[in-house]
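For reference, the structure discussed in these notes is given below.
Quantities reported herein were computed from a predicted structural model and do not represent experimental measurements. Letters go in sequence order (proteins before strands), and every chain restarts at 1.
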Amino acid sequence: MSELAIEREIDRSKMQVSDEVAIEINNMNKWYGSFHVLRDINLTVNQGERIVIAGPSGSGKSTLIRCLNALEEHQQGTIMVDGTELSNDLKNIDKIRSEVGMVFQHFNLFPHLTILENCTLAPIWVRKTPKKEAEERAMHFLEKVKIPEQADKYPGQLSGGQQQRVAIARSLCMMPRIMLFDEPTSALDPEMIKEVLDTMIELAEEGMTMLCVTHEMGFARQVANRVIFMDAGQIVEQNEPEEFFNNPQSERTKLFLSQILGH
Amino acid sequence: MSDVSFVRTEMLPEQAPPASEVGVIGWVKHNLFSGWFNSILTLVSLYAIYYVLSGVLPWTFQSVWNANSLTECREIMMATWGSTHGHACWAVINDRWLQLLFGFYPSHLYWRPILSLVLLLVALAPVLYSDRVPSKLLIFSAIYPFLMPFLMWGGTIWGPISAALGFVVAWGVYSVLSKQLSELIGMIGAVVAAVIWWLVLSGYFTGAMDSILPIGIEAVQSRQFGGFMLAILLGVVAIGVSLPIGIVLALGRQSDLLIVKYMCVGFIEFIRGVPLITLLFVASLLLNLFLPPGTNFDIILRVMIMMTLFSAAYMAEVIRGGLAALPRGQYEGADSLGLNYWQAQRLIIMPQALKISIPGIVSTFIGIFKDTVLVSIIGLFDVLGLANAIRADTAWNGIYWELFAFIGALFFVVCFSMSRYSMYLERKLQTGHR
């Protein structure tokens, strides 16, 4: 896990954190059977924040953000997303899922549909957008992730980096207010990591609220406004990136940083 | 400069492969004589093919086509070739082929099954070749299930109309209840309403309408059905109905709702654990004991239901295999976009699971189609039952190769077509690897 340098200048004019709360997690606990995966998580995310969640594997980072759109169920505590509480009510869950975009490690594109169909499916069926409008919007976002020419191909014909950018465009087509990234670059070759990170930076520049589980510390340093370090299912430390990297407080954080950065 | 240093200064041009690698010679060398062992196998195989064909071809083509009985056939053979051995007597097919195809269906009404078959192909076209046939034809595909029984059995036109009205009733109940209460209650209400309509009300409706406006064609009794027509009838119904039921059973087996799950598991395991022939005996004999006396429950309908349930249980397991092969990420991808359960199943999961299951699904189709000959055991005159009847006739007593070769050819044509179609479909749905 190296630190990929981000060469370009980042435009910070629209990267503003508002007072509006996007996500609020209170005393949340989760178990897999008898294994206590997430322990007493408290976290408030404001609209416009860019949060990177780091930590060793098995620390519960992915589980945490998967709880935010109910891909995983939590057993105790409350999660409020955009003012709606995540409960067992299917209507609330579907509402939250359509407001929260998610990008996966293995892309999870639908292999039987073309790129364009992948992007228009949810807007048409969930949002009831007219087909023509959905296609126009899909092309707009495909242009944004710089692969409009692939619109009629199938996911299997694209490279990993291209597939991940399609996955980002697919999420954006639902016009989400919050984006979750679950290790979006972990399955990619180094040259493809860069193209995906560029797309994510552009998204951040437009003021999107983002929660990223990632090992890309360069991205965390340059783009995030807050870094959260998790270990053994708990939030161990959180701080602004500058402080987090230069002046870690907890021993666990120091050890982790020395392992992934110090060579 | 060290010894290992090397820099290429010009790129090599592409060259044609040597003659022994391409063309006919290359093909023969690679595929037939690629080594001494393979060469021997090739020669042995060629001899085996020659041996079989040298027997079968003269038998098939040096044959008698016109005769009224097996005895007459043999007399002609003796006169022509001086031996009765090694010559087919196709005269039996020439004499009885209409009966083998249609059973005891009234001969002046043969146009009805033939029209049904032609319309079946029309109804199937938009389903099988969705990219080449206008999708408006699907409306006809939806009408066909009601049109076909009317053509085959005849009688009043109000029967099939009343059966179709059951679906209208179900849809009406669903759209009212699902808006006012919930979708689940709407679905349950729709099923209950449809069943009440079919079992109780439709009889009165048909009777009333028929007395007001008697429109109909000559009725044909189920016991007159037979021959290869019966195999196609049973096969098409069992295949067409078992696929949707199989999908529902496969989904039910994966359900989180325990009662639904165990009902599906119980049904599937019971049906798979019992031989089809047992189910057919239940349909033909036992069911009468349980039904109220005087109920007229058509034997062909009973057999259709049993064959459909039998094939649905196998279908469910084949589809479950396809579902299991899908990565979890597909479900998560669909969930994360806010698709609900049925949308995710219909748009994401089923298209992929069914595609993976195509070979298994088509094997089940072919299997159930060939199993239709089992109905001869419960006294229906399907093509095999008729063959036995023909052999019992004094004129054709003692003949069997020709009849069974003909029946085999009929089944082969249909089954081979299904197999080829499934390969075409697999190629068409190929969209590159995940």
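At a threshold of 4.5 Å between non-hydrogen side-chain atoms, the residues A:Tyr154 and B:Gln430 do not count as touching. Residues A:Leu121 and B:Leu339 form a side-chain contact, since some pair of their non-hydrogen atoms from C-beta on lies under 4.5 Å apart. At least one side-chain heavy atom of A:Phe110 sits under 4.5 Å from a side-chain heavy atom of B:Leu337. At least one side-chain heavy atom of A:Pro111 sits under 4.5 Å from a side-chain heavy atom of B:Gln330.
At distances below 3.5 Å, at least one donor-acceptor pair connects side-chain atoms of A:His112 with backbone N or O atoms of B:Leu347. Proximity of a side-chain donor or acceptor of A:Asn69 to a complementary backbone N or O of B:Ser336 within less than 3.5 Å is not detected. Of the possible polar contacts, none joining the B:Gln343 side chain to the A:Val126 backbone as a donor-acceptor pair under 3.5 Å is found.
By the 6.0 Å contact criterion, CG on B:Leu121 is enclosed, its count of non-hydrogen atoms from other residues, nucleotides or ligands being greater than 12. Residue B:Met263 places its CE atom among 12 or fewer non-hydrogen atoms of other residues, nucleotides or ligands, all under 6.0 Å distant. Counted within 6.0 Å of CZ on A:Arg127, heavy atoms from surrounding residues, nucleotides or ligands total more than 12; the atom is thus considered enclosed. For CD of A:Glu73, the number of neighbouring non-hydrogen atoms (other residues, nucleotides, ligands) closer than 6.0 Å is 12 at most. Atom CG of B:Leu128 has more than 12 heavy atoms from other residues, nucleotides or ligands within 6.0 Å. In this structure, B:Asp131 places its CG atom where more than 12 heavy-atom neighbours from other residues, nucleotides or ligands lie under 6.0 Å away. Around the CH2 atom of A:Trp31, the shell of radius 6.0 Å holds more than 12 heavy atoms that belong to other residues, nucleotides or ligands.
Between atom CZ of residue B:Arg328 and atom CZ of residue A:Phe104 there is a gap of 10.0 Å, rounded to the nearest 0.5 Å.
For chain B, the nearby part of A:Arg66 is the side chain; its heavy atoms alone come within less than 4.5 Å. Both the backbone and the side chain of B:Glu332 come within contact range of chain A, each with at least one heavy atom under 4.5 Å from a heavy atom of that chain.
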